[in-house]
Amino acid sequence: MKLIYEKSQAGRRGIGVPKPDLPVPEVPDELRRKEPPRLPELAEPEVLRHFTQLSTRNFGIDTGFYPLGSCTMKYNPRVNERVVGLPGFAALHPLVEDDAAQGALELEWELQEILREVTGLDAISLQPAAGSQGELTGLMLFRAYFADRGEDEQRRKIVIPDTAHGTNPASVTMAGYELTPVRTDARGNVDVDDLRAKVDEHTAGLMLTNPSTLGLFDENIEQIRDIFHGAGALMYYDGANLNAVCGISRPGDMGFDVVHINLHKTFSQPHGGGGPGGGPIAVRESLAPYLPVPVVTRDGATFRLDYDRPKSIGKVRAFSGPFGVFVRSYAFMRAYGPALREMSEVAVLNANYLLARLKEAYDLPYDRLCMHEFVLSARSLKREHGVTATDVAKRLMDYGFHPPTVYFPLVVPEALMIEPTESEARETLDAFAEAMLAIAREAAEEPETLKEAPHHRPVRRLDEVRATKQPVVRFRFDEHERPSGVGTHQLEAPKGA
Amino acid sequence: MKLIYEKSQAGRRGIGVPKPDLPVPEVPDELRRKEPPRLPELAEPEVLRHFTQLSTRNFGIDTGFYPLGSCTMKYNPRVNERVVGLPGFAALHPLVEDDAAQGALELEWELQEILREVTGLDAISLQPAAGSQGELTGLMLFRAYFADRGEDEQRRKIVIPDTAHGTNPASVTMAGYELTPVRTDARGNVDVDDLRAKVDEHTAGLMLTNPSTLGLFDENIEQIRDIFHGAGALMYYDGANLNAVCGISRPGDMGFDVVHINLHKTFSQPHGGGGPGGGPIAVRESLAPYLPVPVVTRDGATFRLDYDRPKSIGKVRAFSGPFGVFVRSYAFMRAYGPALREMSEVAVLNANYLLARLKEAYDLPYDRLCMHEFVLSARSLKREHGVTATDVAKRLMDYGFHPPTVYFPLVVPEALMIEPTESEARETLDAFAEAMLAIAREAAEEPETLKEAPHHRPVRRLDEVRATKQPVVRFRFDEHERPSGVGTHQLEAPKGA
Amino acid sequence: MSFLSLTDADREAMLAAIGVSSIDELFRDVPAGVRFERELDVPPALTESELQRHLEELAAKNVVDEVCFLGAGIYDHYVPAVVDAVLQRGELLTAYTPYQPEMSQGVLQAIFEYQTAICELTGMDVSNASGYDGTTVAADACFVAKHATGRTRVVVTEATNPQVRQVVKTYAPGFGLEVVEVPHDGGTTDPDRVRAAAEGAAAVIFQQPNFFGCLEPAPDLAAAANDAGALPIAHVDPISLGVLEAPGAYGCALAIGEGQSAGNAMSYGGPHYGFLAARSDYIRRLPGRIVGETVDLEGKRGFVLTLQTREQHIRREKATSNITTNQTLLALAGLVHLSLLGPQGLAELGETCMALAGYARQSLADAGLEPLFPDKATFKEFAVRTGRDARLAVTAARAHGIYPGYPLGRDYPGLDDALLVAVTEKRTVGEIDRLVEALSR
Amino acid sequence: MSFLSLTDADREAMLAAIGVSSIDELFRDVPAGVRFERELDVPPALTESELQRHLEELAAKNVVDEVCFLGAGIYDHYVPAVVDAVLQRGELLTAYTPYQPEMSQGVLQAIFEYQTAICELTGMDVSNASGYDGTTVAADACFVAKHATGRTRVVVTEATNPQVRQVVKTYAPGFGLEVVEVPHDGGTTDPDRVRAAAEGAAAVIFQQPNFFGCLEPAPDLAAAANDAGALPIAHVDPISLGVLEAPGAYGCALAIGEGQSAGNAMSYGGPHYGFLAARSDYIRRLPGRIVGETVDLEGKRGFVLTLQTREQHIRREKATSNITTNQTLLALAGLVHLSLLGPQGLAELGETCMALAGYARQSLADAGLEPLFPDKATFKEFAVRTGRDARLAVTAARAHGIYPGYPLGRDYPGLDDALLVAVTEKRTVGEIDRLVEALSR
Ligand SMILES: Cc1ncc(COP(=O)(O)O)c(C=O)c1O
Ligand SMILES: Cc1ncc(COP(=O)(O)O)c(C=O)c1O
């Protein structure tokens with residue numbers, strides 16, 4: 001379909017602007033805009049149609065099953081969209097005095113209380129904008145904590161298992177730390193021997209996802225805790241997989257000192273094609289003094305933003321955090337109440353059911369019960385029929401499903417990382433399983449069908465290599481060439497997570 | 001796709017209900033429900049998905065061009081949906097005392113004022129729920145008016161031209177009147193000679209659409225007025241085509257005594273797959289005493305519902321009318337202001353432009369400039385290639401357009417009634433014209449493609465005859481047979497308007 | 001004007017293509033004598049932000065923060081967020097009557113599902129796609145009954161919603177029908193009186209629960225009508241039908257009602273939807289759209305408007321009704337709400353309303369406000385004696401932020417001290433306690 | 001729980017298929033020592049209607065009915081209804097990062113269009129798909145500059161939004177960067193001071209209009225940075241860019257900003273979006289998602305995430321950033337708003353803000369509230385001296401229903417009497433007159 005710029009016609013307008021009967025002050029000539037920006041020019045009906053049409057070329061949870069592993073694509077309750085739009089929330093300026101924001105602050109406070117209970121930790125900062133920023137903030141807290149103890153120069157290393165999400169090592173670099181990788185053992189746990197060899201007085205801490213990105217709960221978590229705490233190091237919990245363990249096992253009780261919670265995963269948030277998210281962190285009391293400002297506090301029945309925290313690392317984002325995200329997640333939590341445990345139970349049940357239905361047809365690298373997700377491999381399909389995880393993913397589209405995450409975690413070749421979440425009905429899981437099984441058969445019988453998939457989407461398979469080699473990252477108006485020529489072969493980058 | 005009942009599973013629930021800790025009073029046994037209704041049982045996510053999926057099998061203004069003649073399928077501004085949902089409107093109970101509804105009453109009053117100005121008449125009832133009910137209400141006013149003058153027994157006939165919409169004769173019957181049909185002349189106007197012969201002291205009045213359903217303004221409207229008023233009869237204006245003449249010519253000035261306004265046509269309303277609508281009527285002072293109760297009145301700065309109208313015909317609907325419809329149409333009117341005239345001008349310009357582009361390829365029964373719509377005929381296509389208006393309509397679907405109204409008005413064989421409205425861009429009109437011209441060529445070159453159209457919709461051409469012969473008008477659960485067998489031939493009922 | 005796409009260049013090119021030199025020329029067929037020559041005297045145009053503000057100001061002049069115990073036909077039930085989300089889907093919101101079924105399978109299937117839900121609720125065989133509201137469907141039902149029976153009188157119980165009765169009376173002369181009302185006895189209707197009145201009548205309309213909130217001996221009323229050869233027509237509240245018996249189960253010929261309480265905001269009275277369902281005998285006499293199942297060229301299931309030979313666009317003056325635009329969007333809201341509730345949810349919703357209403361009734365009685373009809377079972381609404389003109393009680397309670405109900409004296413002379421109190425699932429025990437306090441002060 | 005589909009029968013059948021006898025058994029890998037054995041101590045579950053009511057009660061505790069003259073980075077601009085309508089399309093709302101392009105052409109094309117709009121606004125060659133907000137994109141830009149120049153110091157003007165400066169300072173140690181601030185002179189920044197500070201620095205960040213609302217000599221600041229080999233980075237307000245020159249036109253290397261004012265509600269500070277655009281030189285150093293054009297198997301145009309070797313999921317510790325979840329939905333809102341406005345609308349919006357702000361500034365001056373920086377040109381925001389602690393002025397004005405602005409003393413010691421007043425197109429002359437009255441009392 002056309003770009004909105006290709007529908008533009010000089011002189012059209014999609015919205016009017018009030019024009020007060022007042023003089024417009026002069027802008028000094030050297031500061032005045034010379035060439036107007038070439039924004040689209042369309043009447044309102046055409047703008048709405050354009051984006052409506054775009055939406056029909058997209059697939060969301062509302063469209064169907066979206067088992068994108070590590071992303072926890074659960075149902076987004078519509079009441080959350082309604083309440084986030086209440087003028088008392090949506091029209092609230094973030095810099096009003098606290099007395100004008102008591103409802104917002106109470107909500108933030110209550111959200112913090114629930115997060116403390118779910119994580120088993122003591123203090124919260126709601127500020128981080130997403131999990132990745134939570135990670136970085138957590139590592140900044142590590143540094144502040146050790147600096148306070150005079151150990152910052154000494155402790156420069158962060159241990160991360162090879163199953164970790166890419167954000168973990170990236171955060172390590174951004175925080176100015178060095179990375180110490182650690183292996184995964186034959187059962188899919190962190191290799192404790194390898195770990196023991198690598199943790200010492202230079203270690204600032206660990207970053208761990210538990211259950212891991214393999215969907216497996218680390219059976220040695222208590223040993224791991226002892227190793228780190230024994231070495232005076234701290235432990236960071238990547239909360240991306242918290243959906244597996246709400247009310248079942250708490251990071252604080254596992255020994256972690258800092259946890260980020262991806263509100264947009266465990267506590268439901270419309271992912272909006274990439275975001276927004278929320279990445280609050282929960283910390284042990286010992287790390288609380290370093291939390292970003294402001295911190296939401298309570299004095300009896302009133303709530304306030306506390307900026308007076310001399311040991312604070314500062315700010316990682318504006319204001320107290322992405323408030324609208326808090327409204328939605330708080331609403332989600334209140335819809336469940338203590339049944340948040342049931343949420344995790346069903347997420348795990350759904351995943352194990354799918355696993356049971358699929359493990360004969362695909363390779364299962366670690367044959368254990370899984371938690372909320374599991375990772376299969378298309379290794380045999382590739383070896384036997386030349387069919388890759390990408391081909392399986394693309395073919396799933398033709399069956400009406402969003403593909404799982406592929407090529408992640410990196411330790412599993414031809415990985416297919418499947419997370420159904422608790423939101424799905426058994427019929428949906430069955431239909432997906434049937435499709436996966438049919439695809440495994442097709443791989444043997446008609447591999448070409450898979451390699452050329454998808455066949456029934458608005459576009460056929462796209463050439464990602466070409467996009468990288470000849471980057472066209474904005475419309476170029478008159479000079480814009482209509483593309484031609486046909487793609488060659490596919491990149492195998494992780495997709496999902 | 002499946003029916004929602006086919007997705008149901010005992011024990012699922014889509015929403016919870018508060019359960020107060022209170023005893024539930026007993027229902028006497030003979031009044032208590034025995035068999036529960038077999039409503040769908042689905043969790044909330046699946047309900048949302050079901051209706052989302054249904055929506056993708058439907059076409060609206062937001063999807064594209066919808067030139068359904070006589071229906072004025074114009075853009076529905078989204079701000080109207082926003083304001084109609086304001087709690088001050090949506091949560092207002094219709095039976096509150098007037099002091100609690102001053103905003104609603106003021107809006108209704110202001111809406112009345114605008115309607116008075118646009119129609120050129122004196123008093124308004126907002127009560128009728130749609131145009132058809134406006135018609136019936138108008139005819140009830142005729143009766144009340146003549147009854148008051150002792151002429152009700154004498155004046156039993158309503159004159160209606162053969163181009164009239166089906167609601168007009170149907171309303172005549174429902175009001176207890178008799179129908180006097182009148183012919184259309186060679187220029188598409190009411191045949192004045194025929195009319196003169198038929199109007200006498202038994203005539204209660206005329207029902208006329210002007211511009212007519214042919215999209216033509218009746219050039220003899222002044223003569224017609226003189227005939228009716230000369231005979232002591234009244235004139236009813238079917239306002240379905242008001243979009244052609246806002247600020248250009250007013251029914252009151254043409255001599256009409258009662259007018260209905262299809263708010264959902266001229267003043268924009270999401271048609272919602274069939275409704276809601278709004279059919280306020282505007283009347284001349286002489287008919288005001290008979291208006292339904294309540295009537296919105298103003299005392300200085302306060303507004304009130306007046307029930308004390310002894311000559312009122314009574315009520316045709318509950319309360320003061322479909323208030324949410326008023327909010328939207330009022331908002332629409334306020335967005336235009338006096339430029340409502342421009343709205344009509346552009347509607348007429350768009351129609352004439354399309355007419356100019358199409359009249360070579362299709363038969364044009366009355367070769368005049370049109371107003372906001374025009375009627376072509378596929379008569380030659382049928383004679384020469386066996387291709388009907390239905391075939392053209394179905395084929396348009398493949399080009400991505402909603403078909404025009406077909407087989408209406410009845411005076412034009414193989415009618416294609418096209419109303420683009422003011423909302424459309426020239427590019428859209430051009431694309432539609434190209435499609436119509438292509439279809440005319442296809443009719444000659446590959447008529448089978450047309451007869452089997454549509455080819456690219458979620459279903460192929462549907463068998464309407466079968467539906468009538470073996471009516472299945474509800475899901476029958478266990479006994480429900482999956483249909484099989486193939487349709488035969490198509491009914492040629494009017495579609496649209 | 002941001003709703004219009006035509007630029008000046010567009011306009012010129014289009015006029016040229018038409019072969020006229022100005023827009024005015026397009027109107028040359030409009031006789032000079034009926035041209036409107038000045039500018040429309042309407043308020044000035046507002047930009048969107050100004051418009052929203054203006055409407056917010058109007059909305060703010062309405063009082064919606066009083067705790068609502070008003071019912072009398074329109075109820076403050078909760079409208080689930082999914083309902084709004086579905087209704088705002090542009091493909092459904094901005095489509096019209098599904099004349100072209102291949103473009104409209106979404107709406108058509110939804111209506112088919114709605115018809116099924118209404119049939120299930122009411123115990124009937126066929127439902128139309130909606131009528132305007134709970135009053136006009138009563139008039140429609142009379143039209144059906146008249147033609148089905150050939151009789152020219154309809155009976156309506158006095159305990160039926162006064163607005164329903166008024167609309168029936170307004171329509172009746174056009175239909176050639178006479179309307180007879182049967183008074184209530186202590187809050188409900190005596191079947192014997194109905195039997196007597198129904199003799200020679202086309203139909204008997206009664207409401208269950210009736211306007212006073214009382215449970216009628218509905219099976220006996222239906223039997224009385226049937227005995228006399230009149231069609232029994234029950235006017236029912238959809239929210240009650242998880243708890244109360246379906247009209248089809250006690251012999252009604254038609255069931256009608258106001259759909260607002262399932263899925264629609266109160267919205268100062270509309271738009272809402274009326275539902276109308278019937279035994280299969282009357283299928284070809286029903287007014288309005290009906291959707292039926294069929295197959296396409298390839299044998300695939302699909303849905304179409306059906307039995308259209310009943311309708312005005314085909315039958316014209318012989319049609320079963322003049323209705324065309326109906327209330328599909330609001331009926332869709334009803335379907336979505338009912339689909340969320342399911343049978344279990346609907347029953348629970350009814351029970352919650354009953355429990356709260358029962359508590360309110362008892363608490364008011366304890367505070368000295370006696371029920372108007374003390375021995376009658378009620379559902380979510382009941383009448384109490386306020387010990388003064390009920391309008392004064394309303395005024396007094398409103399001063400405490402409570403809108404306590406509907407003064408029955410508005411429609412029933414002699415019941416000036418009676419207040420009709422409705423309690424939905426949205427009310428809380430705390431609010432009911434405030435009601436009691438406000439009314440007993 | 002109405003979000004869950006599994007019935008008891010489902011659960012049993014599924015456990016059997018898995019080969020375990022209970023849900024508990026699924027958790028057998030969780031060591032006993034870390035199991036949570038009690039019920040979660042969180043508030044009880046609410047049904048949807050209760051939940052909505054609870055949140056309405058919380059929302060009602062916030063004060064949003066005071067006329068808003070607060071800005072300081074977040075502005076009370078009008079958000080068009082079409083923006084909400086687009087954002088509520090489930091296919092866009094409930095999708096995630098478009099890893100699988102064939103499932104995500106809608107989002108991908110929208111981001112491509114957004115990138116184009118940001119490039120057009122800022123005069124840059126490339127834009128990412130969004131950053132978290134207007135503060136974090138500043139830290140991102142520093143990271144780009146550090147790696148592009150190999151230098152370890154960044155310069156930020158003191159007249160840049162204090163929160164932006166704070167975030168940069170919080171991130172800087174991890175990046176190995178030192179942060180130097182350049183003070184303002186009478187409300188704007190002296191290019192010579194910048195030139196001096198920029199020597200050996202990686203970047204110079206300044207804001208236009210600056211935090212005081214004043215128009216900086218932006219071309220001179222950029223030139224000063226360029227002279228020193230530091231990358232000039234302009235922090236700009238999208239709403240100003242119909243009227244004010246694009247950073248690309250005066251030599252900036254990067255342009256960043258807070259997108260809230262285009263398309264997003266204030267929402268107590270988020271979620272919003274930060275935008276980040278650059279000259280093409282820096283394309284492979286940019287953080288975050290970037291969408292590029294390509295073709296499919298059949299040569300048809302399509303869009304994909306591109307240049308992913310910059311990103312954490314491929315480059316891990318060598319990535320240009322750790323960002324993954326971003327703010328696409330909010331950026332989409334920005335695109336829709338900008339598409340509605342078009343170039344003409346954007347310019348008019350800027351002019352309307354300027355006209356109203358100019359009127360406010362003049363009226364306040366007439367009433368004795370002098371501008372803090374009287375000779376400086378301003379856009380939609382300006383600072384006035386209130387003649388007392390500005391916090392007291394806020395309190396006083398709020399008593400009259402006016403939230404008059406932001407006390408600059410919060411961030412700038414010595415400016416305790418100064419109030420920063422923002423005026424958007426939503427304000428009216430009448431409201432400004434009330435502001436003047438409230439502040440001059
Ligand atoms: C395991 C894991 N860790 C961290 C992240 C980063 O979280 P976010 O996307 O919220 O920044 C993700 C998801 O993207 C993840 O899957
Ligand atoms: C010419 C004409 N008259 C009357 C009507 C009836 O109006 P409504 O659908 O509002 O009842 C219509 C449209 O349906 C129409 O096109």
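The sequence lines fix the lettering, A, B, ..., with proteins before strands; numbering per chain opens at 1. Side chains are part of it too, since the values below use all heavy atoms of this structure and drop only hydrogens, waters and symmetry mates. Being a predicted model, the structure only gives us computed values, none of them experimental.
The contact between A:Ile4 and chain D is made by backbone and side chain atoms together, counting heavy-atom distances below 4.5 Å. For A:Ala175, the part lying near chain D is the backbone, with the side chain staying farther off; criterion is any non-hydrogen pair under 4.5 Å. Residue A:Ala100 touches chain D through both its backbone and its side chain, counting heavy-atom pairs closer than 4.5 Å. Neither the backbone nor the side chain of D:Asp76 comes within contact range of chain A, judged by heavy atoms closer than 4.5 Å. Residue contact with chain A, scored on non-hydrogen atoms closer than 4.5 Å, involves the side chain of D:Asp133 exclusively. Using a 4.5 Å cut-off between heavy atoms, D:Ala249 does not touch chain A at all. With a threshold of 4.5 angstrom between heavy atoms, D:Arg28 approaches chain A through side-chain atoms but not through N, CA, C or O. Using a 4.5 Å cut-off between heavy atoms, D:Val429 touches chain A through its side chain atoms alone. Proximity to chain D involves both the backbone and the side chain of A:Tyr336, based on heavy atoms less than 4.5 angstrom apart. Heavy atoms of D:Thr135 lying under 4.5 Å from chain A belong exclusively to its side chain. Contacts of D:Val336 with chain A are made by both backbone and side-chain atoms, with heavy-atom separations under 4.5 Å. Residue A:Arg82 touches chain D through its side chain alone, counting heavy-atom pairs closer than 4.5 Å. With a threshold of 4.5 angstrom between heavy atoms, D:Phe3 approaches chain A through its backbone and through its side chain. Only the backbone of D:Ile323 comes within contact range of chain A, judged by heavy atoms closer than 4.5 Å. Of the two parts of D:Glu66, neither the backbone nor the side chain holds a non-hydrogen atom closer than 4.5 Å to a non-hydrogen atom of chain A. In this structure, chain D has heavy atoms under 4.5 Å from both the backbone and the side chain of A:Glu97. When heavy atoms are compared at a cutoff of 4.5 Å, A:Pro23 approaches chain D solely by way of its backbone atoms N, CA, C and O. There is no contact between A:Arg357 and chain D, counting heavy-atom distances below 4.5 Å. Heavy atoms closer than 4.5 Å to chain D are found in both the backbone and the side chain of A:Phe51. A:Leu31 touches chain D through backbone and side chain together, each having a heavy atom under 4.5 Å away. Proximity to chain A (any heavy atom under 4.5 Å) is restricted, for D:Ile23, to the side chain, taken from C-beta onward. When heavy atoms are compared at a cutoff of 4.5 Å, D:Val304 approaches chain A solely by way of its side chain, counted from C-beta outward. Contact annotation for A:Val83: only side-chain heavy atoms (C-beta onward) come within less than 4.5 Å of a heavy atom of chain D. Neither the backbone nor the side chain of A:Met333 comes within contact range of chain D, judged by heavy atoms closer than 4.5 Å. Contact of A:Glu222 with chain D is made through the side chain alone, with heavy-atom distances under 4.5 Å. Contacts of A:Pro18 with chain D are made by both backbone and side-chain atoms, with heavy-atom separations under 4.5 Å. Heavy atoms of D:Glu311 lying under 4.5 Å from chain A are absent altogether. Using a 4.5 Å cut-off between heavy atoms, D:Leu87 makes no contact with chain A at all.
In summary, D:Lys61 and D:Glu56 do not engage in a salt bridge, as defined by a charged side-chain N under 4.0 Å from a carboxylate O. Under 4.0 Å is where a charged nitrogen must lie from a carboxylate oxygen, and between D:Glu351 and A:Lys19 no such pair does. Classification of D:Glu102 and A:Arg460 as a salt-bridged pair fails, no side-chain N sitting under 4.0 Å from a carboxylate O. Taking 4.0 Å as the cut-off between side-chain N and carboxylate O, D:Lys300 and D:Glu298 do not count as a salt-bridged pair. The pair A:Arg457-A:Glu452 does not count as a salt bridge, with every side-chain nitrogen at least 4.0 angstrom from each carboxylate oxygen.
Most heavy-atom pairs under 4.5 Å with chain A, from the set D:Thr97, D:Leu340, D:Val63, D:Leu215: that is D:Leu340. Listed options A:Gly274, A:Gly88, A:Gly131, A:Gly60 were ranked by heavy-atom pairs under 4.5 angstrom with chain D; first place goes to A:Gly274. The residue among D:Val126, D:Val243, D:Leu338, D:Leu330 with the most heavy atom pairs within less than 4.5 Å of chain A is D:Val243. Per-residue heavy-atom pair counts under 4.5 Å with chain D were compared for A:Ala425, A:Ala331, A:Gly103, and the maximum is reached by A:Gly103. Counting heavy-atom pairs closer than 4.5 Å to chain A, the top-ranked of the candidates D:Gly269, D:Gly90, D:Ala13 is D:Gly269. For chain D, the option among A:Thr167, A:Asp253, A:Val346 with the highest count of heavy-atom pairs below 4.5 Å is A:Thr167. In terms of heavy-atom pairs under 4.5 Å with chain D, the best-connected choice from A:Ala91, A:Gly277, A:Pro36 is A:Ala91. Highest contact tally toward chain A, considering only D:Ser5, D:Ala45, D:Ser127, D:Gly342, is held by D:Ala45 [criterion: heavy-atom pairs under 4.5 Å]. Most heavy-atom pairs under 4.5 Å with chain D: of the set A:Cys246, A:Pro77, A:Ser320, A:Ala339, this distinction falls to A:Pro77. When each of D:Gly292, D:Ala17, D:Gly358, D:Pro31 is scored by its heavy-atom pairs under 4.5 Å with chain A, the top score falls to D:Pro31. Listed options A:Met397, A:Gln102, A:Glu41 were ranked by heavy-atom pairs under 4.5 angstrom with chain D; first place goes to A:Met397. Heavy-atom pairs under 4.5 Å with chain A were tallied for D:Gln100, D:Arg315, D:Gln52; the largest tally goes to D:Gln100.
Aromatic ring centres of D:Tyr268 and A:Phe89: separated by at least 6.0 Å.
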Decide side-chain hydrogen bond (donor to acceptor under 3.5 Å, both in side chains) for D:Thr324 and D:Arg289; before the verdict, give the C-alpha distance in whole Å, the side-chain angles of both, and the deciding distance to 0.1 Å. CA-CA 8 Å; D:Thr324 157; D:Arg289 313 288 178 196; 2.9 Å; yes

Between D:Ile283 and D:Asp125, does a side chain to side chain contact (heavy atoms under 4.5 Å, CB included) hold up when you go through it step by step? CA-CA 9 Å; D:Ile283 184 167; D:Asp125 303 315; over 6 Å; no

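Note that CD of D:Gln109 and CZ of A:Phe475 are 10.5 Å apart. Values are rounded to the nearest 0.5 Å. Here the straight-line distance linking atom CG of D:Asn322 with atom CD of D:Glu317 works out to 13.0 Å at 0.5 Å rounding.
Using a 3.5 Å distance cut-off with no hydrogens or angles, the side chains of A:Ser55 and D:Arg89 do pair a donor with an acceptor. Remark: the D:Gln308 side chain and the D:His313 side chain contain an N/O donor-acceptor pair separated by less than 3.5 Å.
Applying the 6.0 Å contact sphere to CD of A:Glu35 captures no more than 12 heavy atoms from other residues, nucleotides or ligands.
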